[in-house]
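Count residues from 1 along the sequence. This structure is a prediction, so every number in the text was calculated from the model and none was measured. What you see below is based on every heavy atom in this structure, not just the backbone, and it leaves out hydrogens, waters and symmetry mates.
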Amino acid sequence: MAVPVVTIDGPGGAGKGTVASAIANALGWHLLDSGALYRIIAVAGVADGIALDDAQALVEMSEGLDIVFDDGQVRVNGANLTDAIRTEEAGNNASQVAALPPVRDAIFALQQGFRRAPGLVADGRDMGTVVFTDAPVKIFLDASAEARAERRYNQLKNNGLGVNLRALLEQIQERDARDRERVVAPLKPADDALIIDSTEMTIDEVVATVMTQISSKVE
Ligand code: DC
């Protein structure tokens, strides 16, 4: 039998990462944070002086990356990039490199390699529509742009970083538009996805909804 996969797609800031790791922990399954891969390519590309629209150079560079996810830490060719890939700039740059089809193709097999027993929780934009089309459980986690900007604002403020709510909202709307309108693997729910709008929900409520869906679809 195929190793089961739960895909959790949706726009940035909807809570996918938190929900995906809570589900993976609860089930003892593997976790794929696919956004981190695009962030790593963007950060490593900038460090190498590669233009963010130079698909060929980005693909060649990414082939030489040794990426290790370990206990919440991200190491690339031995360097710890855990914090570097989490900045707003890295997210915006990731959205640009993610719009390039050759870059998406280059990490397709790498992503599928995360599917190992006893199961995988995969978080991203196209997990259910492109990478794991046969996943028995597909979730599309949405929330209003305003709610997502506010959550991000509180998160950054708690980390002691000065931010402007309006600027954050504009960045989120710009990134949404680019992710939704791109030609390849645009952000959209799979036909067979359960759509959850988390605008008015707590993380615990979202996790409980997803767990119920998993129990009804996976033995
Ligand atoms: O989820 P995130 O914020 O870490 O993702 C960063 C960017 O990567 C996001 O703007 C779009 C892109 N991405 C993608 O195109 N496909 C995925 N499966 C995951 C992320």
Fill in the blank from the handout: One should read off an interatomic distance between Ser144 OG and Ile172 CD1, to the nearest 0.5 angstrom, of 9.5 Å
Exercise for the section: Check whether any side-chain heavy atom of Leu168 sits under 4.5 Å from a side-chain heavy atom of Gln171, and report yes or no. Expected result: yes
Completion exercise
Nearest heavy-atom contact between Ala20 and Ile8 is CA-CD1, 3.9 Å
Practice task
Return yes if some donor-acceptor pair links the side-chain N/O of Ser215 with the main-chain N/O of Met211 below 3.5 Å, else return no.
Solution key: yes
Practice task
Assess whether atom CD of Gln96 is packed by more than 12 heavy atoms of other residues, nucleotides or ligands within 6.0 Å.
Solution key: yes
Problem - Reported CZ-to-OG distance for the pair Arg182 and Ser95, which is rounded to 0.5 angstrom - result: 7.0 Å
Completion exercise
What one should report as the nearest heavy-atom pair of Thr129 and Pro189 is CG2-C, 4.2 Å
Fill in the blank from the handout: d(Lys157 NZ, Asn159 CG) to nearest 0.5 Å is 12.0 Å
Contacts table for residues 40-54: side-chain donor-acceptor under 3.5 angstrom, sequence neighbours left out:
unit_1: Asp54; atom_1: OD1; unit_2: Ala57; atom_2: N; d: 3.2

Exercise for the section: Please identify each residue that fulfils side chain to side chain donor-acceptor pair (under 3.5 Å) with Asp176, with sequence neighbours left out. Expected result: Arg148
Problem - Greater than 12 external heavy atoms within 6.0 Å of Arg116's CZ - result: yes
Fill in the blank from the handout: For Val163 and Leu156, the nearest pair of non-hydrogen atoms, with its separation, is CG1-CD1, 3.4 Å
Fill in the blank from the handout: Those residues at least two apart in sequence (or on a different chain) that pass side chain to side chain donor-acceptor pair (under 3.5 Å) with Glu88 are Arg152
Handout entry: Set of side chain to side chain donor-acceptor pair (under 3.5 Å) partners for Glu60, sequence neighbours left out
Key = Gln56
Handout entry: side-chain contact (heavy atoms from CB on, under 4.5 Å) against Pro102, all qualifying residues, sequence neighbours excluded
Key = Ala55, Val59, Leu100
Practice task
Could you tell me which residues satisfy salt bridge (charged side-chain N to carboxylate O under 4.0 Å, His left out) with Arg178, sequence neighbours excluded, listed by chain and number?
Solution key: none
Problem - Hydrophobic cluster of Leu187, others only, ordered by chain and residue number, side-chain cut-off 4.5 Å - result: Phe140, Ile195
Exercise for the section: Please check if Leu110 and Val68 belong to a single hydrophobic cluster, counting links between Ile, Leu, Val, Met, Phe, Trp and Tyr side chain heavy atoms closer than 4.5 Å. Expected result: no
Practice task
Not counting sequence neighbours, list each pair that qualifies as a side chain to side chain donor-acceptor pair (under 3.5 Å) and has a residue in residues 12-29.
Solution key: none
Problem - Hydrophobic cluster membership, Leu58 vs Leu81, 4.5 Å side-chain cutoff - result: yes
Completion exercise
Heavy atoms of Ser198 and Arg151 approach each other most closely as O-NH2, 2.7 Å
Problem - In one Ile/Leu/Val/Met/Phe/Trp/Tyr side-chain cluster, 4.5 Å: Leu31, Ile23 - result: yes
Practice task
Examine distances only and state if a side-chain atom of Thr133 and a backbone atom of Val130 form a donor-acceptor pair shorter than 3.5 Å.
Solution key: no
Problem - Pairwise side chain to side chain donor-acceptor pair (under 3.5 Å) hits with a residue in residues 33-43, at least two apart - result: Asp33-Arg86, Tyr38-Arg104
Exercise for the section: Evaluate the side-chain contact (heavy atoms from CB on, under 4.5 Å) criterion for residues Leu37 and Leu32: first the C-alpha distance (whole Å), next the side-chain angles of each, then the deciding distance (0.1 Å), finally the verdict. Expected result: CA-CA 9 Å; Leu37 297 175; Leu32 167 61; 4.2 Å; yes
Problem - In one Ile/Leu/Val/Met/Phe/Trp/Tyr side-chain cluster, 4.5 Å: Met61, Ile107 - result: yes
Problem - Nearest-0.5 Å distance that lies between atom CD in Glu170 and atom CZ in Arg166 - result: 6.5 Å
Exercise for the section: Look at atom CD of Glu89 and say whether more than 12 heavy atoms of other residues, nucleotides or ligands are closer to it than 6.0 Å. Expected result: no
Practice task
Among Asp191, Asp9, Asp126, Asp192, find the residue that satisfies the salt bridge (Lys or Arg N to Asp or Glu O under 4.0 Å) test when tested with Lys138.
Solution key: Asp192
Completion exercise
To the nearest 0.5 Å, atom OG1 of Thr209 lies from atom CD1 of Ile139 at 8.5 Å
Exercise for the section: Not counting sequence neighbours, which residues clear salt bridge (charged side-chain N to carboxylate O under 4.0 Å, His left out) with Asp70? List them please. Expected result: Arg75
Handout entry: Contacts of Arg115 that satisfy salt bridge (charged side-chain N to carboxylate O under 4.0 Å, His left out) - sequence neighbours left out
Key = Asp134
Practice task
Considering non-hydrogen atoms only, spot the tightest contact between Glu205 and Met201 and give its length.
Solution key: OE1-CA, 3.3 Å
Handout entry: Nearest-0.5 Å distance that lies between atom CG in Leu165 and atom OH in Tyr153
Key = 6.5 Å
Handout entry: Shared hydrophobic cluster for Leu141 and Leu27 (ILVMFWY, side-chain gaps under 4.5 Å)
Key = yes
Handout entry: Main-chain N/O of Phe132 paired to Gln112 side chain as donor or acceptor, under 3.5 Å
Key = no
Fill in the blank from the handout: Here the pair of heavy atoms bringing Val184 nearest to Ala99 is CG1-O, 4.0 Å
Practice task
Check side chain to side chain donor-acceptor pair (under 3.5 Å) between Asp197 and all other residues, then give those that pass, not counting sequence neighbours.
Solution key: Thr199
